[in-house]
There are 2 protein chains.
Amino acid sequence: MIHFKAIGKIMGALLMLLSLLMLPGVGFALYFDSGDERALLLSALSSFTVGGVLFFSFSKQDQNIRKREGYMIVSLSWLLMSIFGMLPYILSGTIINFSDAIFETISGLTTTGATVLQDIESTPKGVLFWRSMTQWIGGLGIIVLTVAIFPLLGIGGIELFVAESPGPTSDKLHPRIRETAKRLWYVYVGLTILAGVLYLVGGMTFYDAINHALTTMATGGFSTKNASMAYYTSPFIQYVAILFMFLAGTNFTVIYFGITGKFSRVWRSDEFKAYTTVLIVLAVILSFPVYHYSGQEIEKSFRDTLFQVVSLITTTGFVTADYTSYHSGLTLLFFMMLFFGASAGSTSGGIKFVRHLTFFKNSWLEFKRIVHPRAVVPLKINGDRVTGKIITHIMNFLLIYLMIFTFGSVVIAIMGYDIMTAFGAVATSLGNVGPAIGRVGPMDNFAFFDPFSKIFLSFLMLLGRLELFTILVLFTPYFWRAN
Amino acid sequence: MIHFKAIGKIMGALLMLLSLLMLPGVGFALYFDSGDERALLLSALSSFTVGGVLFFSFSKQDQNIRKREGYMIVSLSWLLMSIFGMLPYILSGTIINFSDAIFETISGLTTTGATVLQDIESTPKGVLFWRSMTQWIGGLGIIVLTVAIFPLLGIGGIELFVAESPGPTSDKLHPRIRETAKRLWYVYVGLTILAGVLYLVGGMTFYDAINHALTTMATGGFSTKNASMAYYTSPFIQYVAILFMFLAGTNFTVIYFGITGKFSRVWRSDEFKAYTTVLIVLAVILSFPVYHYSGQEIEKSFRDTLFQVVSLITTTGFVTADYTSYHSGLTLLFFMMLFFGASAGSTSGGIKFVRHLTFFKNSWLEFKRIVHPRAVVPLKINGDRVTGKIITHIMNFLLIYLMIFTFGSVVIAIMGYDIMTAFGAVATSLGNVGPAIGRVGPMDNFAFFDPFSKIFLSFLMLLGRLELFTILVLFTPYFWRAN
Ligand SMILES: [K+]
Ligand SMILES: [K+]
């Protein structure tokens, strides 16, 4: 039996927290006199009321949270936050239909950053701030999940690579989790503030700086400008964005080790090394053709390349150049980056380097196993041996990810869009990136999709953000039959 | 140390066999007075001479063939056959440059069926027959490999599913292999003759009937007509083609059981059931949109759909309708079929149903394993338990297949072709299918590619035909370091 009462209590607390995070938007609405303060207040009030009723109805319940409640809590949390999170859009009249509002909200909470807004700069400032805030909430949520919930659920096979988290065998929350969560929360908040200050120094207004700081650290990619980061021609601002996108895509535990001076622990992370190396190598190599095809100066060519590579691989999705304008080979390479994902234990979405690394290393060893069928050939990541079970988990994740990408593309193509657009929209939704190729290139938005496709793509965003299995398992009989 | 002398002896025998199979083309050249008999005779003579020298130089060698010689023999066989197999094209002046000749020959021997010939019907009849013969030789070769070599090498994880072949643990050729090989050879030859007779009954000329019979049973897809099977408007001929493509894509051991009346053994094959079911379901479902978008009669719509579905899934590549002309959703679905492959132990290329089946079944069970982490949840195929090692092998194969597809597409896109053409050309080469999407749609040919791309695509055909690992392992240090 599922302990629904324990779930209800947590959902209540979550909605009350959500309502509090709607309030800063009210301040901006009043300051800019943008007229959306009542919509935000009303949204906050609704969330608080429903949340309060839920919380206090079940406050005396003391049911245990087990694995199965864990799955429900994760999926329901994102769903409830999506439903109440879209109230500011609807009540302010910024977005008037359900599919657009749910798309924009889920795109925010999953830190995807795809948008249906055709003129971002005319959106009321309070609601626009809430839009950035949804991404920051989503980034925060994913840290909590990574540290506290996924290890418990044993999902996707990466739990062992997120430093200091307990293994999947434990069925209860590990006491050290509270400590780890606190550290990562400090890293997240601290870096957000630092990014904001540096954006301010670079010349952004206070409002723009705080908005972009929130969406950078969440690897979200929502901007307050129609042209995204291309609006800011200042190289300083763009390099700040590159740095903080890079940090937001780094395992936060690794950052914590870096801050506290434990550099040996930083270098012990194979994922961090692979992530950093791939970013640099790709940026340097691709700069040459970008320089050749764009006809820009060397520094600008390099900066554009580095920005787009970091933005796509960290799944942030800020844009300063149209990477589909150079050459079909480059377009395909940038499209491939939608399947990278940055690090486990960061706010980035997608597949993530540790999974790619496990697959590549293991495939290479597979050849050794073919030549020496009787030899025991272990795989090591971060100096530790990876079990066959984890390897199977990860290969399964990769294949199911690609399968969902394929079937998702078929659905969008059947809805009447060309194949490149289908590939692009599905890859960028599933990977929580934002921009893509085809009609959803870096200069486009998602407004033209029909309501069904918008809701379908929103579902893919949730699926990707919650590491596929969290949601998929709810569709199997095993979950409901279990006791 | 690699036993090169044993390899030399086998290569010699192979080349002598190849030269004999060039001779029927001489007969057709003389009969049609097409002027290419000297080119074919000279090619046969060269192959025979080189083969004879190799064979008799090493005939007294009695070195053992072990796993490592096995890999070399497989790769070298296809390479040597490709080099001597292109002589008829070059000596007859049909194809005058190296990259075109190697492409056409490898496309034949790998049973891919992609062509650089712009006017097939003007090709001299002797050489054209040789072209069909290369596919039949390739089909024969793959049966030998499947039965005798791949199980020894333990490649791709499907050795256990090819009925009656010994497991990968054995390091020597199993005595029962000769018996199994003989049966499958009877099936191959018998069905080729039957197909030829039925094509003749349907109204094809003797020459066309024998050519199409050879390329149908090889799941090759080379035709003697520019319009491929669309030239034959007779429904009878098209249904005969459908039936024999289906049989060519069935595990030959299953066919043998069927012929000898052991139907319980036929129904025990999960792969056969899945293969048949998917073909029928896809053909029926897709008939409706094809009927809607093509505006043709019901029977013609169904026949077109069934033909194209069977042709793509069995990796034959005959064409009777342009499947890219209906709707982008249908185009994408037909493109996906390039990744299916038919059955292990047939002449079809690609991934093959048994691998898909293992992945799907295992993924489903993975959810059960997530919910019940301590339970032992075994996977069964054909009623037998599949070991974790085989499952890992197969998932690895799938991922490496998709990785080669991705990187291959990048190479072709970098060479200056659009992304859809790159996806299409690479998918159809790797899967040994023939037609694809983009500029290599069902009505196009491969003549426009530059020489580098042609050779690269030929390499992908070989890679796909030899189950990836046979060739890839030669590029690892493990292979050369082993003793
Ligand atoms: K994003
Ligand atoms: K073929």
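Proteins get letters first, then strands, A, B, ... in listed order; numbering begins at 1 in each.
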Is the count of non-hydrogen atoms from other residues, nucleotides or ligands lying under 6.0 Å from [X] atom [atom1] greater than 12?
X      : atom1 : answer
A:F288 : CZ    : no
A:F339 : CZ    : yes
B:K361 : NZ    : yes

When rounded to the nearest 0.5 angstrom, what distance separates [atom1] in [X] from [atom2] in [Y]?
X      : Y      : atom1 : atom2 : result
A:L399 : B:M395 : CG    : CE    : 6.5 Å
A:F469 : B:E366 : CZ    : CD    : 6.0 Å
B:I419 : A:I437 : CD1   : CD1   : 5.0 Å
B:N362 : A:T392 : CG    : OG1   : 7.5 Å
B:T406 : A:F335 : OG1   : CZ    : 9.0 Å
B:L472 : A:W364 : CG    : CH2   : 9.5 Å

pair B:V377-A:Y478: side-chain heavy atoms closer than 4.5 Å: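 No. Closest side-chain heavy atoms not under 4.5 Å.
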
Quick one: what part of [X] sits under 4.5 Å from any heavy atom of chain B, side chain, backbone, both or neither?
X      : answer
A:I412 : neither
A:Y326 : neither
A:D418 : backbone

Leading residue by heavy atom contact count with chain A [cutoff under 4.5 Å; candidates B:G329, B:G416, B:P289]: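 Most heavy-atom pairs within the cutoff with chain A belong to B:G329.
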
Heavy-atom pairs under 4.5 Å with chain A, option from B:N396, B:I391, B:T331 with the top count: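 Most heavy-atom pairs within the cutoff with chain A belong to B:N396.
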
B:S328 (side chain) donor-acceptor with A:Y417 (main chain) under 3.5 angstrom: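 Checked: pair present.
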
Parallel, tilted or perpendicular: ring planes of A:F423 versus B:F423, cut at 30 and 60 degrees: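 The arrangement is perpendicular - the two ring planes meet at more than 60°.
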
Nearest atoms (heavy-atom pairs only) where A:A413 meets B:L332: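 Nearest pair, atom of A:A413 first, then B:L332: CB-CD2, 3.8 Å.
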
Heavy-atom pair with the smallest gap, counting every atom of B:I370 and A:H393: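 That would be CG1-CE1, 4.3 Å.
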
Steps toward side-chain contact (heavy atoms from CB on, under 4.5 Å) verdict (B:L474, A:F367): CA-CA 9 Å; B:L474 303 181; A:F367 288 107; over 6 Å; no

